Amino acid sequence: MDKIYDHKKEREIYNLWEKSGAFKEKPGAKPYTILMPPPNANASLHAGHAMYTVDDIMIRYKRMQGYSALWIPGMDHAGFETQYVYEKQLAKEGKSRMDFDRETLYKNIFDFVKGNSGLIFEQFKRLAFSADWDRAVFTLDKNVTDSVFETFKRMESEGLVYRDDYIVNYCVHDGTSLAELEVKHVERTDPLYYIKYPTLNDKDYIIVATTRPEPIFVDTHLAVNPADKKNSHLIGTRVKNPLTETEMEIIGDEFVDPDFGTGIVKLTPAHDANDYLVAKKHNLPIISAIDWNGRVREIGGKYAGMKVKEAREAILKDLKEKGLVDHIDESYVHSVLTCYKCGHDLEPMTTPNWFIKVKDLKEKVRQVVEDDKVRFYPPKFKRHILAWLDIMHDWPISRQIVWGIKIPVWYKVDKNSDLQVSFIDKNRVKKFGNINDFDFKEVERGLQSVRASANAQYVVSNQKPDGKYLPETDTFDTWFSSGQWPMVTLKEEEFTTRFPTNFMATLSDILKFWISRMILFSLYLKNEIPFKDVYLWSMVADAKGVKMSKSKGNVVNPIELVDKYGADALRISLLYGTPAGSKVILSDNKVRGMRNFCNKIWNLGRYLQISFQETNISLDKPKSFSKEDEEILSELSNLIKTVTQSLDKYQFNFAIEALYEFVWHRLADVYVEKTKQRISEKDPAALYTLRHTFFTSLILLHPFAPFVTEAIWKELKDLRNHPDENLITSSWPIV
RNA sequence: GGUCGCAUAGCUCAGUUGGUUAGAGCGUUGCAUUCACAUUGCAAAGGUCCCUGGUUCGAGUCCAGGUGCGACCACCA
């Protein structure tokens with residue numbers, strides 16, 4: 001054995017494991033199953049993925065306990081994220097999404113992703129992850145999309161799916177609605193206009209503060225807070241719209257802040273998320289003033305066709321002439337929603353979306369969480385998920401992007417005369433308008449998007465029905481498919497043996513997006529929870545405790561640390577001092593320290609090898625031990641207990657800390673030092689104790705530091721009294 | 001602003017139902033070393049356990065208030 005452990009040989013060990021079939025399930029044994037949270041197919045490994053180490057530790061631990069351990073890996077198409085990355089690349093080539101019909105665009109993104117995928121699995125292998133790679137699932141595999149389709153079909157037939165208008169943040173510049181993820185909140189100083197609304201007899205007026213005077217002409221109502229003493233008497237009274245002079249009623253609703261402006265607000269439900277909710281609640285008309293190109297609609301009369309900013313100026317000019325602008329506060333600071341791609345202000349717009357009714361579905365989720373059928377580590381996340389379930393509203397599942405699973409719905413053209421389409425025509429010119437104004441075949445061929453009204457007639461089908469049908473061009477929200485992850489990764493017969501799965505570990509910020517949805521779908525589709533235990537950590541941070549992010553430039557590439565110090569050192573660093581739920585600190589110094597620990601283990605092995613040289617010692621257990629032998633043996637049996645129990649409770653930090661303490665500061669620093677004389681004299685009890693203690697420690701260490709322990713296992717082949725060829729499949733000591 | 005949570009060494013965290021001198025890793029300092037390991041060993045420094053008050057024989061631990069921080073939600077016309 002070399003003086004220093006060489007982690008460059010890790011790859012050979014990994015190949016050996018893989019060839020031995022160790023990652024495969026073990027027929028006949030009791031099943032233990034973990035599903036890997038699927039990383040983005042397009043992604044490269046980041047520090048968060050390295051935390052999948054906890055999955056690998058559990059899988060290795062259970063495998064050594066004799067279970068039929070199976071870790072199923074996979075990748076997610078990550079709809080919006082991926083399309084965004086792809087579009088950035090397109091932009092570099094001077095192109096945009098708008099230059100392609102949807103089929104071509106989808107195919108291009110598919111090729112783009114294919115070029116990058118596989119990389120992350122290779123990186124997982126560098127980290128020693130012992131997943132069954134032959135079982136890998138991609139969320140756009142046909143069996144997945146088929147199964148997602150079946151779920152949608154069933155939900156639709158049971159009345160759980162509906163269409164409704166929904167307020168989205170729309171970027172007029174990029175021509176797309178943006179997910180919450182893409183919205184950038186920018187603090188900005190804008191004028192706040194105080195507008196006079198005349199009473200019906202024109203003798204008096206009330207004043208309303210607004211940053212957005214341009215859609216006033218569609219406003220039909222004002223609102224005050226019923227608890228607001230100075231304004232509550234206005235409820236039920238009427239004023240005149242300052243532009244159109246039509247009558248407006250003042251309603252009462254708690255959402256109004258009495259201290260903002262004058263305590264009276266105008267409602268523009270079609271272009272403001274709050275107003276939209278209030279309008280829904282009070283059943284007020286929702287009238288759109290601005291079209292998808294960011295121009296005033298025909299309803300705007302003389303302002304029709306103007307861009308939002310032009311209209312604002314024109315309207316203010318007119319209001320000023322009428323003497324209806326009380327004053328303007330030029331120093332109003334507020335936060336504005338902008339497009340994180342182009343920086344333009346976003347226009348809240350209503351558009352028809354597909355929704356899932358969650359009321360009944362989420363009640364079932366609440367039940368299993370409350371009853372601890374699904375348990376959380378640390379337990380505080382039980383409260384988090386329950387709080388989220390409280391506010392969870394109906395789920396808009398449609399996204400206006402190409403990269404995803406198509407919503408399997410078709411619109412018959414002659415039953416929906418108001419279908420709006422955009423497409424690339426035969427001369428490669430982009431066209432937009434009503435379907436009946438174009439040649440159907442041409443539209444079908446170059447189709448980019450179809451917009452059907454909320455009450456459109458449709459058929460649910462995976463295949464195009466016969467006749468003149470256009471497809472729904474929205475795709476499913478990524479969480480709609482990844483929420484069904486447990487259902488699409490297991491084989492049909494495994495639902496009787498491997499379901500619910502045992503363990504799910506992920507980052508706590510997707511608790512509500514992903515964990516809650518997996519439970520929801522699993523209860524709906526299988527009437528069973530998807531997993532028993534959920535383990536969460538909060539984030540991966542740098543040496544200073546600052547969250548790693550690209551914008552801060554403090555991102556550590558785990559693979560670089562593996563290159564430098566070895567996978568084992570990285571794995572131990574991630575777990576040492578990291579209880580469930582806490583920040584994961586990844587610093588070069590810490591990894592180096594753990595590399596030193598790995599070398600310590602290696603050198604204990606080397607010491608053992610040297611000690612047993614030219615020793616014809618019987619491997620049998622001696623009859624009597626000295627005091628220090630008995631001490632270390634009794635500590636060893638405590639260690640087995642501690643490590644086993646800690647792993648059973650997912651207290652990885654306790655387990656590795658106990659191992660570190662024992663191996664380094666008890667076995668190496670104390671026992672080995674005390675017995676050097678006896679070892680050199682070939683004392684059988686000392687040799688036996690040393691060997692037994694070391695090999696047992698090696699087994700306990702293996703889930704945490706698989707490479708170095710396996711390497712020593714091979715080096716000391718002739719010294720072991722364990723029959724197992726590979727440490728990865730040798731047996732865990734009995735407590 | 002609402003809800004929940006957190007506050008212990010320079011940093012990240014342990015500290016189990018209240019019970020002697022509050023611990024670990026990493027970092028810092030000093031000394032040693034041809035020993036399995038300098039990727040080492042030995043030793044040291046470093047804490048008013050956020051503040052104030054309370055309960056108790058006894059509080060890092062329980063209670064109340066304050067302060068600071070974080071997460072999520074709403075981010076306000």
Side-chain angles (χ1 to χ4, degrees), chain A residues 1-7 180 183 185 187 190 192-195 208-213 215 219 222-223 255-257 259-269 271-275 277-278 332 334-337 348 378 380-381 383-388 390-393 508-509 511-512 538-539 541-547 565-566 569 572-573 575-579 581-611 649 651 653-654 656-658 660-661 664-665 668-669 672-673 676 679-680 690 694:
Chain A
M1 284 173 85
D2 296 334
K3 275 193 164 190
I4 283 176
Y5 167 60
D6 178 13
H7 67 261
E180 192 50 43
V183 173
H185 296 256
E187 189 137 292
D190 279 319
L192 182 63
Y193 307 97
Y194 286 77
I195 311 286
V208 173
T210 181
T211 53
R212 299 208 54 188
D219 292 355
L222 300 178
F255 98 100
V256 181
D257 177 0
D259 297 325
F260 184 86
T262 57
I264 309 168
V265 304
K266 71 186 190 72
L267 296 177
T268 312
H271 301 287
D272 182 282
N274 263 325
D275 295 1
L277 292 176
V278 175
Y332 174 59
H334 65 153
S335 111
V336 187
L337 304 182
K380 68 172 178 184
F381 287 109
R383 284 196 305 277
H384 282 211
I385 195 165
L386 286 173
W388 159 250
D390 275 342
I391 57 167
M392 184 182 188
H393 49 71
S508 64
D509 55 0
L511 176 73
K512 55 184 185 292
S538 69
M539 64 158 105
D542 67 10
K544 291 176 186 142
V546 179
K547 183 176 183 171
Y565 300 121
I572 298 173
S573 309
L575 275 306
Y576 199 108
T578 309
S582 69
K583 265 196 249 189
V584 180
I585 299 296
L586 197 52
S587 70
D588 196 87
N589 276 334
K590 189 173 177 187
V591 182
R592 197 176 67 225
M594 295 307 163
R595 186 272 317 263
N596 295 354
F597 176 55
C598 293
N599 191 53
K600 193 75 188 179
I601 304 168
W602 175 262
N603 268 289
L604 273 168
R606 189 170 132 87
Y607 176 69
L608 200 71
Q609 191 183 48
I610 291 166
S611 303
K649 289 187 275 185
Q651 292 172 332
N653 55 322
F654 283 178
I656 188 60
E657 281 159 25
Y660 185 102
E661 170 68 20
W664 199 323
H665 301 303
D669 288 351
V672 165
E673 293 305 323
K676 277 198 167 150
I679 291 290
S680 70
L690 176 68
F694 180 69

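Convention: sequence-line order gives letters A, B, ...; per-chain numbering from 1. Computed from a predicted model, the values in this text were never measured in an experiment. Heavy atoms only: backbone and side chains are in, while hydrogens, waters and symmetry mates are out.
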Scan [X] against the nucleic acid and name what it touches under 4.0 Å (heavy atoms): base, sugar-phosphate only, or nothing.
X      : answer
A:M1   : nothing
A:Y660 : sugar-phosphate
A:A223 : nothing
A:I4   : base
A:V208 : nothing
A:F654 : sugar-phosphate

Counting side-chain heavy atoms from C-beta on, which of [options] comes nearest to [X]?
X      : options                : result
A:K266 : B:rA77, B:rG27, B:rG25 : B:rA77
A:R606 : B:rA77, B:rG25, B:rA36 : B:rA36
A:N274 : B:rG27, B:rA36, B:rC76 : B:rC76
A:K676 : B:rA24, B:rC35, B:rA77 : B:rC35
A:N589 : B:rG27, B:rC37, B:rA77 : B:rG27
A:N599 : B:rU39, B:rA77, B:rG25 : B:rU39

Donor-acceptor side-chain pairing of A:T211 and A:D190 below 3.5 angstrom =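 No - no donor-acceptor pair under 3.5 Å links their side chains.
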Using the [atom1] atom on both, measure [N] against [M] and round to a whole Å.
N      : M      : atom1 : result
B:rA22 : B:rG60 : C1'   : 8 Å
B:rG66 : B:rC26 : P     : 41 Å
B:rG53 : B:rG47 : P     : 23 Å
B:rC6  : B:rG10 : P     : 23 Å
B:rG68 : B:rC50 : C1'   : 8 Å
B:rC11 : B:rU16 : P     : 22 Å

Protein-nucleotide distance ([X], atom [atom1]; [N], atom [atom2]), rounded to Å:
X      : N      : atom1 : atom2 : value
A:M594 : B:rU12 : CE    : P     : 16 Å
A:L267 : B:rA77 : CG    : P     : 13 Å
A:L575 : B:rA24 : CG    : C1'   : 15 Å

Kindly compute the distance separating [atom1] ([X]) from [atom2] ([Y]), expressed to the nearest 0.5 Å.
X      : Y      : atom1 : atom2 : result
A:Y193 : A:R212 : OH    : CZ    : 11.0 Å
A:L222 : A:K266 : CG    : NZ    : 9.0 Å
A:M594 : A:K600 : CE    : NZ    : 14.5 Å
A:I195 : A:T210 : CD1   : OG1   : 7.0 Å

Output a table of donor-acceptor pairs, distance under 3.5 Å, between side-chain atoms of residues 602-609 of chain A and any protein atom two or more places apart or on a different chain; print 'none' if there are none.
unit_1, atom_1, unit_2, atom_2, d
A:W602, NE1, A:D2, O, 2.8
A:N603, ND2, A:K3, O, 3.1
A:N603, ND2, A:N599, O, 3.2
A:R606, NH1, A:M1, O, 3.0
A:Q609, OE1, A:M1, N, 3.4

Side-chain N or O of [X] versus OP1/OP2 of [N]: is the shortest distance under 4.0 Å?
X      : N      : result
A:R212 : B:rA77 : no
A:R383 : B:rU3  : no
A:K590 : B:rG25 : no
A:N653 : B:rA14 : no

Pair assignment for [N], Watson-Crick or G-U wobble, requiring both distances under 3.5 Å:
N      : answer
B:rC6  : B:rG68
B:rC76 : none
B:rC42 : B:rG30
B:rC62 : B:rG54
B:rG25 : B:rC11
B:rC37 : none

Shortest non-hydrogen contact from A:T578 to A:S573?
-> OG1-O, 4.5 Å
Could you tell me if the side chain of [Y] sits less than 4.5 Å from the side chain of [X], heavy atoms only?
X      : Y      : value
A:L267 : A:D275 : yes
A:F654 : A:K649 : no
A:I572 : A:C598 : yes
A:D588 : A:Y565 : yes
A:W664 : A:D669 : yes

Could you check A:I610 against A:T578 and say which one's nearest nucleotide on RNA chain B is further toward the 5' end?
-> A:T578
Please tell me which of A:Y5 and A:G263 maps to the more 5' nucleotide of RNA chain B, matching each residue to the nucleotide holding its nearest heavy atom.
-> A:Y5
Pairs under 3.5 Å (N/O, protein and nucleotides 41-44 of chain B):
unit_1, atom_1, unit_2, atom_2, d
B:rG41, OP1, A:K600, NZ, 3.2
B:rG41, OP1, A:W664, NE1, 2.2

Please write out each protein N/O paired with an N/O of nucleotides 69-73 of chain B under 3.5 Å, distance rounded to 0.1 Å.
unit_1, atom_1, unit_2, atom_2, d
B:rC72, O3', A:K512, NZ, 3.2

